[in-house]
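Read the structure below first, then the notes.
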Amino acid sequence: MRTLLLALVASICVAAGSASAAAPLSPPVVKEIFTLLPCPASPSARESTVGMEGCQEHAIVKSDATIDTLSREIFGRLADDAARRRFAAAEKAWLAYRTAFCDSQSDVFEGGTGAATEYAGCVVHQNAQHVGDLTGFDHDLRPH
């Protein structure tokens, strides 16, 4: 049951050339594997567990898109393939951390309906922090 409620587990697809030097590199992309719930228009409907989870999922998808955009920009500014591979590995490690940390944080509500909303809220928070980190990195890579 928890697996279904916490279907916010993410995977990152990185077409990294670690297996083959000839493999083309591409920027990392965050892919969520949950089915996006609706975010109700009515404020009172957003107070339900499903309503809260749906709105959090929409915030996750929006911040994932920002992360993907920043990652693409950073990836393009990196000096060489070695730097791009390190960046892709760092993004994959960050996503694994985000998933494990938010799983752990949601354990406070393990078995309850609050677990999924706690997990999703954690992901929203972690994504916001990561957007800040990537924004700073992107800024540092720009010519001054």
Side-chain angles (χ1 to χ4, degrees), residues 1-41 46-144:
M1 176 81 174
R2 180 167 184 222
T3 304
L4 293 175
L5 291 174
L6 296 178
L8 297 171
V9 177
S11 65
I12 196 162
C13 296
V14 179
S18 58
S20 166
L25 289 174
S26 61
V29 177
V30 178
K31 293 194 186 262
E32 304 295 343
I33 60 171
F34 55 80
T35 301
L36 191 61
L37 296 171
C39 179
R46 283 187 230 135
E47 293 177 12
S48 73
T49 303
V50 173
M52 284 188 280
E53 189 176 352
C55 293
Q56 289 169 325
E57 287 176 352
H58 282 265
I60 290 167
V61 169
K62 183 177 179 181
S63 59
D64 284 350
T66 302
I67 289 169
D68 290 345
T69 297
L70 286 164
S71 292
R72 197 170 36 255
E73 290 172 2
I74 290 167
F75 193 86
R77 287 190 178 91
L78 292 170
D80 55 32
D81 284 351
R84 290 180 189 98
R85 282 189 190 87
R86 286 189 295 272
F87 177 70
E91 286 300 286
K92 185 175 182 178
W94 169 78
L95 189 58
Y97 166 80
R98 183 195 83 171
T99 301
F101 180 78
C102 292
D103 271 341
S104 180
Q105 190 167 333
S106 71
D107 283 343
V108 172
F109 300 100
E110 187 170 11
T113 58
T117 56
E118 182 68 23
Y119 182 90
C122 177
V123 170
V124 168
H125 179 74
Q126 292 299 313
N127 276 10
Q129 286 185 321
H130 196 56
V131 165
D133 292 340
L134 291 174
T135 299
F137 187 19
D138 186 48
H139 178 316
D140 290 345
L141 288 170
R142 290 177 186 266
H144 292 100

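Here the closest heavy-atom approach between residue Glu73 and residue Asp138 is recorded as OE1-OD2, 3.4 Å. Smallest separation of non-hydrogen atoms from Ser71 and Pro28: CB-O, 4.0 Å. Contact record, Ala120 with Gln56: CB-OE1, 3.3 Å, taken as the closest heavy-atom pair. When all heavy atoms of Ile74 and Leu134 are compared, the pair lying nearest together is CD1-O, 3.5 Å. Residues Cys122 and Phe101 come closest through the heavy atom pair SG-CD2, 3.6 Å. Of all heavy-atom pairs between Arg84 and Leu78, the closest is NH2-O, 2.9 Å.
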Is there a side chain to side chain contact (heavy atoms under 4.5 Å, CB included) between Leu25 and Phe75 once you walk through the steps? CA-CA 9 Å; Leu25 289 174; Phe75 193 86; 3.6 Å; yes
Using the rule given for side chain to side chain donor-acceptor pair (under 3.5 Å), can you reason through His125 versus His130, listing the C-alpha separation, both sets of side-chain angles and the distance that settles it, and then say yes or no? CA-CA 9 Å; His125 179 74; His130 196 56; over 6 Å; no
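Between Glu91 atom CD and Trp94 atom CH2 the span is 7.0 Å, to the nearest 0.5 Å. Here Phe137 contributes atom CZ and Leu70 contributes atom CG; the two are 11.5 Å apart, rounded to the nearest 0.5 Å. Taking CG of Asp140 as the reference point, atom CZ of Arg77 lies at 11.5 Å (rounded to 0.5 Å). A distance of 8.5 Å separates SG in Cys102 from CG in Asn127, rounded to the nearest 0.5 Å. Within the model, atoms CD of Glu53 and CZ of Arg46 stand 15.5 Å from one another, a figure rounded to the nearest 0.5 Å.
For Asp68 (side chain) and Val30 (main-chain N/O), a donor-acceptor pair under 3.5 Å exists by modelled atom type. With Glu118 contributing its side chain and Asp107 its backbone, the two residues share no donor-acceptor pair below 3.5 Å.
With respect to the salt-bridge test (charged N to carboxylate O, under 4.0 angstrom), the residues Asp133 and Arg98 do not qualify. Comment: Lys62 does not engage Glu32 in a salt bridge, judged by the lack of any side-chain N to carboxylate O separation of less than 4.0 angstrom.
Applying side chain to side chain contact (heavy atoms under 4.5 Å, CB included) to Ile67 and the options Val131, Val29, Leu95 leaves one that passes, Val131.
For Pro38, there are no side chain to side chain contact (heavy atoms under 4.5 Å, CB included) partners, not counting sequence neighbours.
No side-chain heavy atom of Pro40 sits less than 4.5 Å from a side-chain heavy atom of Ser48. Side-chain contact check for Phe34 versus Ile60: some heavy-atom pair is nearer than 4.5 Å.
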